[in-house]
2 protein chains.
Amino acid sequence: MTDETEYTPPKVWTWEKGNGGRFANINRPVAGPTHDKELPVGKHPFQLYSLATPNGQKVTIMFEELLAAGHAGAEYDAWLINIGEGDQFGSGFVDVNPNSKIPALMDRSGPEPIRIFESGAILTHLAEKFGAFLPTDPAKRAEVFSWLFWQMGSAPYLGGGFGHFYAYAPVKIKYAIDRFSMEAKRQLDVLDRRLAESEYLGGEDYTIADMAVFPWYGGLVKGWLYGAAEFLAVEEYKNVNRWADAIFARPAVKRGRMVNRKTGEPSEQLHERHDASDFETKTQDKLAAE
Amino acid sequence: MTDETEYTPPKVWTWEKGNGGRFANINRPVAGPTHDKELPVGKHPFQLYSLATPNGQKVTIMFEELLAAGHAGAEYDAWLINIGEGDQFGSGFVDVNPNSKIPALMDRSGPEPIRIFESGAILTHLAEKFGAFLPTDPAKRAEVFSWLFWQMGSAPYLGGGFGHFYAYAPVKIKYAIDRFSMEAKRQLDVLDRRLAESEYLGGEDYTIADMAVFPWYGGLVKGWLYGAAEFLAVEEYKNVNRWADAIFARPAVKRGRMVNRKTGEPSEQLHERHDASDFETKTQDKLAAE
């Protein structure tokens, strides 16, 4: 698509269905539920309703890291929300997340259940609850929050901007691809400069800021997202690559990336997670297949 | 611009300067400083480097609310960062915010200065420091964080998506305007449904979630942003309008919106704020002009 012809928007926008590219069928100009459907509830204190997109991975990585660090109270049931089939518009899901996006969490560890939505809020809630992966020292805490919020405000340009127009839109629009490619590269350079001076984003310790940024920007430099590694020349960002490799080497991260996964190798897909042994079964499947 | 011709992206993206629309001159594919420039430091514990965009307003509203609530320790100097002139690429600013965006804050109230960037991180830091506008009860706190992070993850679709393609891009691209208009309306509906059941976003109390959401979505329904009130039919969102009117009626919000402002009526522009009396001078200017 080139920039030849001019379009004049109407005075009042109206919805024309059907030309939104991949995921068009799940995008709407209104919120709220489309059908009645209760959510399942398992045996553990935390009930996660999610899918292994980058935003979903943040939270399953956090749960697996908490469990690996010995926080037995962080046991969780991870239920699959199939966004392609509209599970996020069921009434039960909307009660947990009125924004109809994964991940969404019910914390049933206390006397009254607590809902939490938005991956950044869920990471913060869990970090505060378990006193883990979020410093209490004000300077260190401010740095972690700065990078955590940086991720939340920046990734929409990577996902909803670059990823959409480069990989999913029904037409390739040069202006939009250029705009968001420039921003994606700028963001990678922001991270690269930070990781040149610091082992992790918040400082010397691995925190929820790293867990939030890794599934997006780590995924990008590792070539998992949008098939865009060559297009964005991700090998240039050497410090991001070093950091992504270190995080990916963590067993909890490997487990977290498998949970609620519906794509890739069957042995990497743990559609639901209700027990630590669920991973062992998958590992046995993998060994048996080799 | 219609969707007639197909574009094929190259294997590796390269930067072509000069076709980015308004703000094109301040967008780059790399991070880091472009020139050496130290930041000024005033007499107060907090040094804010900002501009009265929606993200900037969040923080000046928070400071004015803290002062209005009697937190005398929240005195601040607000310095103007002119993003159109590239102030955000000065070395001193980049040291405070490596992402080169406003707002950026230095907290000099303790033994060592602390940098904080990203408006959501700044709101959280100040709320925790003063014990204000962020509940400590886990359920209430989770709800406030959910809406605060919702704002951070959603507004890029409103600003960098809808606002850019509707108001600032050099060509009007129907596909992009439709995509982001749909999302802007969905987000307004998410808020409208929440505010139908709750006085404020976090519950019965006014919190940093409201301060974060108001400058964007309150600005949209009040017609301040992008001249898009008619296009998005914002009058439909009656609960958002009720809530926005209530927040706008707060004197601290009116003051906060004036700080670091470079557009609109001269009497509404307080380019820098170094003392509470700075607002009185502006009020006298306004009365004298009438």
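These values consider heavy atoms only, across backbone and side chains, with no hydrogens, waters or symmetry-generated copies. Letters A, B, ... are given to chains in the order of the sequence lines, protein chains preceding strands, and every chain is numbered from 1. Here the structure is a predicted model, which is why all the values come from computation and not from measurement.
Between B:Lys174 and A:Glu16 a salt bridge is recorded (basic side-chain N to carboxylate O distance below 4.0 Å).
Taken from CG in A:Leu148 to OG1 in B:Thr124, the straight-line distance is 9.0 Å, to the nearest 0.5 Å. Between the OG atom of B:Ser146 and the CG atom of A:Asn99 there is a distance of 10.5 Å, given to the nearest 0.5 Å. The line from OG of A:Ser154 to CE of B:Met152 is 8.0 Å long, rounded to the nearest 0.5 Å.
Taking the side chain as every heavy atom from C-beta outward, B:Ile114 and A:Pro138 approach each other to under 4.5 Å. Between A:Trp15 and B:Met182, the closest side-chain pair of non-hydrogen atoms falls below 4.5 Å. With a 4.5 Å cut-off on side-chain heavy atoms, A:Glu230 and B:Val12 count as touching. Within the 4.5 Å cutoff, no side-chain heavy atoms of B:Trp150 are placed close to those of A:Pro98. A heavy-atom distance below 4.5 Å is found between the side chains of A:Ile177 and B:Tyr7. In this structure, B:Arg141 and A:Glu128 have side chains that are in contact, with non-hydrogen atoms separated by less than 4.5 Å.
The only member of A:Trp147, A:Phe149, A:Phe145 that meets side-chain contact (heavy atoms from CB on, under 4.5 Å) when paired with B:Phe117 is A:Trp147.
Atom CD of B:Glu197 sits in a crowded spot, with more than 12 heavy atoms from other residues, nucleotides or ligands closer than 6.0 Å.
The heavy-atom pair separating A:Arg193 from B:Gly32 by the smallest distance is NH1-CA, 3.5 Å. The two residues B:Pro170 and A:Tyr175 come nearest to each other via the heavy atoms CD-OH, 3.3 Å.
Each of B:Pro9, B:Gly153, B:Ala31, B:Ala228 has some count of heavy-atom pairs under 4.5 Å with chain A, and the biggest count is that of B:Ala31. Contact count against chain B (heavy-atom pairs under 4.5 Å) is highest for A:Ser181 among A:Ser181, A:Ala184, A:Ala142. Taking B:Glu143, B:Glu112, B:Gln187 one by one and counting their heavy-atom pairs under 4.5 Å with chain A, the maximum is reached by B:Glu143. Ranked by heavy-atom pairs under 4.5 Å with chain A, the list B:Arg115, B:Arg186, B:Gln151 is led by B:Arg186. Heavy-atom pairs under 4.5 Å with chain A were tallied for B:Ile116, B:Val30, B:Asn55; the largest tally goes to B:Val30. Most heavy-atom pairs under 4.5 Å with chain A, from the set B:Gly120, B:Ser119, B:Gly110, B:Ala176: that is B:Gly120. Note on B:Ala155, B:Gly161, B:Ala139: by heavy-atom pairs under 4.5 Å with chain A, the leading option is B:Ala139.
Both the backbone and the side chain of B:Pro10 come within contact range of chain A, with heavy atoms under 4.5 Å apart. Interface remark: B:Lys101 contributes side-chain atoms only to the contact with chain A (heavy atom separation under 4.5 Å).
A donor and an acceptor atom, one from each side chain of B:Asp178 and A:Trp13, are located under 3.5 Å apart. Looking only at atom types and distance, the side chain of A:Arg179 has a donor-acceptor partner in the side chain of B:His164 under 3.5 Å away.
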